Amino acid sequence: MQKKIKIIEKGQGISNDQQATINILGIETSCDETAAAVVADGRIVKSSVIASQNKLHEKYGGVVPEIASRAHIEQIYPVISEAMEQAKITQDEIDAIAVANQPGLTVALIIGVTAAKTLSFAWDKPLIAIDHLHAHMQSAILSEANINLPAVALIVSGGHTSLYDYKSPLEPKLLGCTIDDAAGEAFDKVAAILKLPYPGGPAIEKIAKKGNPEAIKFPRSMLGKDSLDFSFSGIKTAVLYYCRGQDMKGENKVDSMSEKQIADIAASFQAAVVDVLVEKTKLAAEKTGAETVLLGGGVAANTKLRDKLQKMCNELRTAAKLFTAAKQYCTDNAVMVASLAYHKYKAGVFADLTVEPKAHSE
Ligand code: KG4
Ligand code: ZN
């Protein structure tokens, strides 16, 4: 297709009638995945390449920032080249470079940000800075042109657990977040206690299928009737006490437990976390009168969470429609970065070469 617009001035948006196909190269390095993708018009995925570092962090039971940073340096060039190759696209056909610059591990983010700034300068393309959590929201509605508003979004990942009042792709407003551990972090830590592999979420979900979710009554921390914040450190400690005894002096019983006993702990833990996530999302949806609920982030891959949230949405007074990220876009990827960047591109919201990685969202 012949492009009507080749170059646009920074800070200047484009209207729909002027619009040609817009190809955006997205880059993501906020935690332990090095990812690049080319997405056309925010919805057509031309390529998606992800180099996971799970194997490197496995033995530590969590992400080691220095190891992540070094692996991003090694992977960033091959991953971007592969994304361009798979998309069968040349640099001339790319309209903008987008990068997740916050929140995340700054030593990891800086690799993607530096690569994006370099390409923006060398290829003379506009640069778009993306909030990683806003991108997770976008992953729930990649193929949707329009959704009914008001909407709330639940983003549950290894580093974050947040609820948003979603007004548009560019204006999500934070309603509440975790005051300690993120939900995914709790899955990872409990998996380590149960001596299950890293990352913990998929491992707990798998073994929980063989367990009884009502076997053990783990605490559901609600932080007050009206609170939209989360706390997951208590449940992690409850699992630890269950396995080691209240004084932590007993031997770790996990070694002598049967598979069924471990499955019961995993299923009961998962049920408690899912209950809290669903209850809080219900409260947010009721408060805002939401007609739509979005679910994204690594923990959104969890089937029990998806099912219970669907049931809750059906029962809401507004019978809200639930949009859940496709499983391959729940965990970190660059498709969600490039897709959200399209909305910023249309609105003319660009960054410049002074953009920096930030540990927290602005
Ligand atoms: O979004 P993500 O890839 O990275 C961050 O931005 O943090 O999320 C990774 C997190 C990990 O904590 C992992 O254990 C969790 O998502 N996770 C799951 C499942 N798959 C991944 N948690 C529960 N159930 C799953 N099926
Ligand atoms: Zn993430």
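For ligands, and for the atoms within them, numbers begin at 1 and follow the listed sequence. Note that the numbering runs from 1 along the sequence shown for the chain. As the structure is a computational prediction, the values presented were derived from the model and not from experiment.
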Answer with yes or no whether the side chains of [Y] and [X] bring together a donor and an acceptor at under 3.5 Å.
X	Y	answer
N101	H132	no
T90	D92	no
D131	S361	yes
E58	N54	no
D181	S233	no
E291	T318	no

Q: Provide the atom name of the closest N, O or S atom of D332 relative to the Zn ion (ligand 2).
A: OD1

Q) To the nearest 0.5 Å, how far apart are CD1 in I179 and OG1 in T161? A) 11.5 Å

Q: Give the C-alpha distance, both sets of side-chain angles, the deciding distance and a yes or no for side chain to side chain donor-acceptor pair (under 3.5 Å) between H72 and T29.
A: CA-CA 7 Å; H72 284 309; T29 62; 5.0 Å; no

Q. What do you reckon, does C31 put a non-hydrogen atom under 4.0 Å from ligand 1?
A. no

Q.
In this structure, does ligand 1 have an atom that sits under 4.0 Å from one of the heavy atoms of H136?
A. yes

Q. For ligand 1, is there an N or O atom under 3.5 Å from any N or O atom of G297?
A. no

Q.
F187 versus ligand 1: do any nitrogen or oxygen atoms come within less than 3.5 Å of each other?
A. no

Q | H136 near the Zn ion (ligand 2) via N/O/S, less than 2.8 Å | A | yes

Q: Give a yes/no answer: is there an N/O/S atom of C31 under 2.8 Å from the Zn ion (ligand 2)?
A: no

Counting each atom of ligand 1 from 1 as listed, which ones have a heavy atom of [X] under 4.0 Å away?
X	answer
G200	14 (O)
G159	7 (O)
H132	6 (O)
D188	11 (C), 12 (O), 13 (C), 14 (O)

(Q) Assigning hydrophobic clusters by single linkage (Ile, Leu, Val, Met, Phe, Trp, Tyr; side-chain heavy-atom cutoff under 4.5 Å), is I235 placed with L196? (A) yes

Q: Treating Ile, Leu, Val, Met, Phe, Trp and Tyr as nodes and any side-chain heavy-atom pair under 4.5 angstrom as an edge, say whether V156 and L163 lie in one connected cluster.
A: yes

Identify the protein heavy atom lying closest to [atom], giving its residue, its atom name and the separation to 0.1 Å.
atom	result
atom 26 (N) of ligand 1	E205 OE1, 2.7 Å
atom 2 (P) of ligand 1	D332 OD1, 3.4 Å
atom 24 (N) of ligand 1	N302 ND2, 3.1 Å
atom 22 (N) of ligand 1	G201 CA, 3.3 Å
atom 10 (C) of ligand 1	G158 N, 3.4 Å

Q) With backbone taken as N, CA, C and O and side chain as the heavy atoms from C-beta onward, which portion of T331 lies under 4.0 Å from ligand 1: side chain, backbone, both, or neither? A) both

Q. So which of G184, G296, G298, A135 gets nearest to atom 16 (O) of ligand 1, if we judge by its closest heavy atom?
A. G298

Q. Can you tell if the side chain of N333 reaches within under 4.5 Å of the side chain of E28, non-hydrogen atoms only?
A. no

